[in-house]
Amino acid sequence: MTRLIEARGLTKLFPGTRALDGVDFDLERGEVHALLGENGAGKSTLIKCLTGAYRRDGGTVALDGAAIDPRTTADAQRLGIGTVYQEVNLLPNLTVAENLMLGRQPVRGGMIRGRAQSRAARDVLSAYGLSIDVTRPLAAYSVAVQQIVAIARAVALSGKVLILDEPTASLDAREVAGLFRIIRDLKDRGLAVVFISHFLDQVYAIADRVTVLRNGRNAGGGRTADLDRLALVQMMLGHELHAVEGTRARPVAPDAPVAAAFNGFGKRGAVELFSLTVRRGEAVGLAGLLGSGRTETAETIFGITPHDSGTAQAAGRPASLRNPREAIRAGFGFCPEDRKTDGIVGELTVRENILLALQAGRGWSRPVARAEQGRIAADYIRRLDIRTPSAEKPVGQLSGGNQQKVILARWLLMNPDFLILDEPTRGIDVGAHAEIIRVIEELCAQGMSLLVISSELEELSTYAHRVIVLRDRAQVAELVGEDVAAERIVQAIAATPAPAPGHATAGAA
Amino acid sequence: MSARFLPLLATCAIFVAAYALAWMQYPNILSTRVIGNLLTDNAYLGIAAVGMTIVILSGGIDLSIGSVIAFSGVFIAVMLRDTGLHPLAVFALLLVLTTAFGLCMGALIHALEMPAFIVTLAGMFMARGLAYVLSIDSVPIDHPFFDALSSSYYLLPGKGRFTLIAGVMLLVVLAGSLLIHRTPFGTRVLAIGGDARTAGLLGVPVGRTIVAVYGISGFCAGLAGIVFAIYTSAGYSLATVGTELDAIAAVVIGGTLLSGGSGTVPGTLVGVLIMGLIQTYIVFDGTLSSWWTRIVIGALLFAFIVLQKGLLRIAEGGARG
Ligand SMILES: Nc1ncnc2c1ncn2[C@@H]1O[C@H](COP(=O)(O)OP(=O)(O)OP(=O)(O)O)[C@@H](O)[C@H]1O
Ligand SMILES: [Mg+2]
């Protein structure tokens with residue numbers, strides 16, 4: 001029997017880049033196939049060429065032995081290939097049901113049968129344990145719910161192949177488990193699943209085979225069972241990973257000056273009021289499940305959701321934090337989690353995006369000199385290993401992970417006294433994780449204070465001096481010293497099983 | 001569904017409240033006579049505004065409709081004067097022309113990735129120019145069939161007249177509502193208005209839909225031109241200057257987001273009626289200059305944009321809940 005998909009010599013050129021350079025890719029029936037590689041390796045480009053979102057510049061693709069050349073994603077859908085793309089979700093202005101059923105609505109006499117459509121949508125979602133009002137606009141739900149809806153739509157469309165480009169980035173452990181259950185189910189039904197992720201644990205948990213790309217070329221692959229982690233990482237990076245050692249940050253002197261302090265601070269109804277003191281050079285971790293109130297805490301501190309109780313101090317002086325401008329003036333910075341929507345200006349160049357906040361902070365009357373801009377941009381491109389042919393490339397043309405590094409650079413460069421990072425390593429490849437952690441440690445050594453929200457507990461415990469654990473929108477534990485370890489954090493998160501509120505209502509964390 | 005129709009509810013509430021206020025001052029305003037006139041006087045605007053709603057929902061704009069309406073009037077008048085064609089044949093010919101005109105603009109917008117603003121601005125000059133070419137003077141229409149059309153109405157209790165053209169307008173609103181809110185095509189339009197790139201990746205045929213949307217707008221503008229010709233019994237190339245802006249105002253007052261992707265067709269009808277009501281009120285008052293219409297419409301537009309911002313903020317707040 002022929003392979004389900006057989007792609008040979010796929011090539012895709014962008015001005016100045018060879019995103020794919022003769023890539024081969026095979027997909028068998030009934031397998032879960034992981035596609036791995038660094039940020040910018042060409043993973044997203046490969047699946048876009050397979051699914052008609054891009055036209056390939058060279059190579060052949062065969063589905064079931066017959067050559068195919070989908071010109072649009074609708075063509076690919078008709079061929080039975082359902083896809084969740086990395087950078088797009090769905091349409092927030094349409095209802096959940098419309099999003100799910102777009103293109104295959106139940107019609108009678110040319111008219112959509114609204115009830116039947118809602119019923120079908122509810123049926124689809126119930127397989128994911130999601131019972132939400134499907135007649136509300138998608139925008140009314142959290143990022144995680146939107147992601148599940150996007151996956152549900154792709155699954156429903158995939159008669160033969162399901163492609164998921166970093167689908168788990170905004171899902172919590174329970175939701176990932178749910179997704180994996182569905183993937184295994186599809187696999188048992190003979191579908192093939194292509195799965196892109198930077199989480200190697202997930203790859204080992206679900207994938208049968210892997211294909212690794214590097215710089216737009218095949219860099220190896222094989223059965224997951226035959227490949228150990230080190231070999232896999234080496235294939236991805238082209239060299240060995242310089243392990244992130246537990247260079248546990250030196251304890252911060254208890255008499256170090258206070259960088260930021262909050263007292264009974266918060267917004268009633270959003271998160272429980274909290275008190276928190278962060279000293280100069282200290283990195284405080286914020287851990288908890290999705291929906292535990294981590295992002296909400298950060299957003300209240302930064303004035304995105306204005307607080308209504310308590311007081312705040314910055315560098316020893318009372319600070320007013322009613323909106324982000326005031327927070328920036330108080331010396332705060334915030335690098336948001338949802339970098340897809342918050343902060344990337346796709347048409348501006350890498351350099352302009354990196355310098356955006358710095359320039360805005362100085363006011364437009366005092367521009368940063370052009371040569372200086374170039375120097376700063378080049379410096380951060382190097383430090384964060386941003387893969388771009390030049391600093392003058394529009395950010396929208398970078399790979400997803402590299403766009404995130406650009407936003408990260410923007411805030412690191414601001415050099416605030418107190419920086420909040422929301423999931424700084426999400427969507428970023430294993431190699432670059434180490435770079436980012438090194439940068440975080442450097443910043444602390446220079447005296448910056450950090451509040452880092454992260455689900456990567458192993459990493460968090462390498463650089464955080466202190467970890468605060470949130471559950472159900474309240475602080476439940478504070479771990480210091482020897483307790484700052486992944487197992488201890490997990491225990492604290494799970495100490496008493498949270499009364500399940502149903503993840504339909506769980507907000508973005 | 002409730003969230004989607006919230007702005008429509010707001011518009012209806014404002015309409016009812018405004019009507020009640022006017023009624024307290026001038027009880028006559030609630031007669032079938034006034035209501036009949038309200039519908040008749042705004043029939044052409046209502047039809048054009050339905051086309052405009054669909055274009056705006058798709059994330060575009062059509063600035064050509066005022067000129068197309070004027071061209072239609074002149075075209076009908078000149079054809080009836082110079083050829084022996086039956087008015088119905090002329091109507092059919094005209095609708096084919098204006099629809100094709102819209103389709104061409106849509107094709108240009110899609111194929112050249114040009115802003116709709118520019119393309120339809122060019123279309124606006126072209127249609128007006130073509131009207132001048134046909135005739136610079138006002139051409140009266142004198143045809144028995146035409147007279148029959150303009151004098152056909154249904155007598156309402158209370159001596160009000162529900163005219164043919166008012167009926168056509170209501171039919172167009174109904175058809176537009178069904179098209180947008182009940183068919184897969186309508187969902188495609190809303191999807192594109194939300195985010196054309198994402199819609200494309202979800203399998204929506206973006207190009208085809210955009211071209212069709214401008215075709216529909218061209219058709220509506222042609223039909224509005226026919227109705228306007230019946231209403232005025234003449235064709236004049238300087239008529240309906242700025243009607244596209246009135247239509248946009250009606251669409252926005254009707255609760256449609258100018259940036260696309262959200263809004264309703266019935267809301268536009270209410271928007272047109274609110275604008276007509278202000279006009280009627282000023283006529284009843286007698287002392288106010290008609291410029292007050294413009295000022296009140298300006299204030300209303302402003303209020304609606306603020307209202308939309310507020311609603312949007314609430315919706316976004318909900319998204320983080
Ligand atoms: N639309 C585009 N225009 C120009 N260059 C592009 C475009 N899309 C992608 N590229 C380039 O192609 C290369 C591969 O990008 P791709 O998005 O496939 O990476 P990726 O493997 O998915 O990375 P990530 O893990 O960060 O998502 C990158 O160098 C990127 O800059
Ligand atoms: Mg990618």
Side-chain angles (χ1 to χ4, degrees), chain A residues 48 51-53 72-78 82-85 87-95 97-99 101-107 109-114 117-118 133 135-143 145-146 150 153-154 157 270 291 295-296 299 304-305 338 505-508, chain B residues 1-7 56-59 110 113 174-175 177-209 255-264 308 311-321:
Chain A
K48 282 184 178 162
T51 57
T72 65
T73 53
D75 285 349
Q77 287 173 11
R78 273 189 289 277
T83 315
V84 177
Y85 295 96
E87 70 279 38
V88 294
N89 296 318
L90 296 172
L91 294 155
N93 62 319
L94 298 189
T95 66
E98 284 168 340
N99 267 297
M101 307 300 291
L102 187 65
R104 52 193 183 99
Q105 297 98 336
V107 262
M111 301 282 151
I112 297 174
R113 296 164 55 212
Q117 169 168 293
S118 300
D133 181 357
T135 61
R136 287 184 66 193
L138 187 74
Y141 296 102
S142 70
V143 179
V145 170
Q146 297 187 16
R153 178 187 155 83
L157 282 172
T295 294
E296 286 85 346
E299 290 187 343
I304 295 170
T305 340
D338 193 1
T505 51
Chain B
M1 277 298 150
S2 62
R4 177 168 295 170
F5 289 96
L6 209 62
I56 289 181
L57 282 175
S58 79
H110 173 67
E113 290 182 10
L174 182 69
S177 305
L178 288 177
L179 182 68
I180 289 301
H181 303 299
R182 286 282 176 275
T183 69
F185 175 82
T187 312
R188 289 206 282 273
V189 170
L190 291 170
I192 292 172
D195 184 340
R197 217 175 80 83
T198 302
L201 285 179
L202 292 180
V204 172
V206 177
R208 243 190 302 146
T209 309
T256 294
L257 220 54
L258 204 45
S259 51
S262 162
T264 64
Q308 283 175 349
L311 286 177
L312 221 61
R313 186 135 332 147
I314 292 169
E316 272 167 13
R320 302 201 166 249

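The structure presented is a predicted model; accordingly, all values stated were derived computationally and were not measured. The sequence lines fix the lettering, A, B, ..., with proteins before strands; numbering per chain opens at 1.
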Only one of B:Asp195, B:Thr187, B:Leu190 passes side-chain contact (heavy atoms from CB on, under 4.5 Å) with A:Leu91; say which it is.
B:Asp195
I need the residue from A:Leu102, A:Leu157, A:Val107, A:Asp133 with the largest number of non-hydrogen atom pairs under 4.5 Å to chain B.
A:Leu102
Quick check for you: among A:Ile112, A:Leu94, A:Thr83, A:Thr305, which has the greatest number of heavy-atom pairs under 4.5 Å with chain B?
A:Ile112
Pairs of heavy atoms under 4.5 Å with chain A: top-ranked of B:Leu202, B:Leu179, B:Thr183
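Of the candidates given, the most pairs with chain A belong to B:Leu202.
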Does any heavy atom of chain B fall under 4.5 Å from the side chain of A:Arg153, the backbone, both, or neither of them?
side chain
Heavy-atom closest pair, residues B:Pro184 and A:Gly110
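Distance-wise, the nearest heavy atoms are CD-O, 3.7 Å.
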Holding to side-chain hydrogen bond (donor to acceptor under 3.5 Å, both in side chains), I want the full list of residues that pass it with A:Arg113, two or more places apart in sequence or in another chain.
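A:Arg113 satisfies side-chain hydrogen bond (donor to acceptor under 3.5 Å, both in side chains) with no residue once adjacent residues are dropped.
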d(A:Leu90 CG, B:Leu201 CG) to nearest 0.5 Å is 11.0 Å
Please answer whether the main-chain N or O of B:Gly200 pairs with a side-chain N or O of A:Thr72 as donor and acceptor at a distance below 3.5 Å.
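The answer is no, because no donor-acceptor pair under 3.5 Å joins these two groups.
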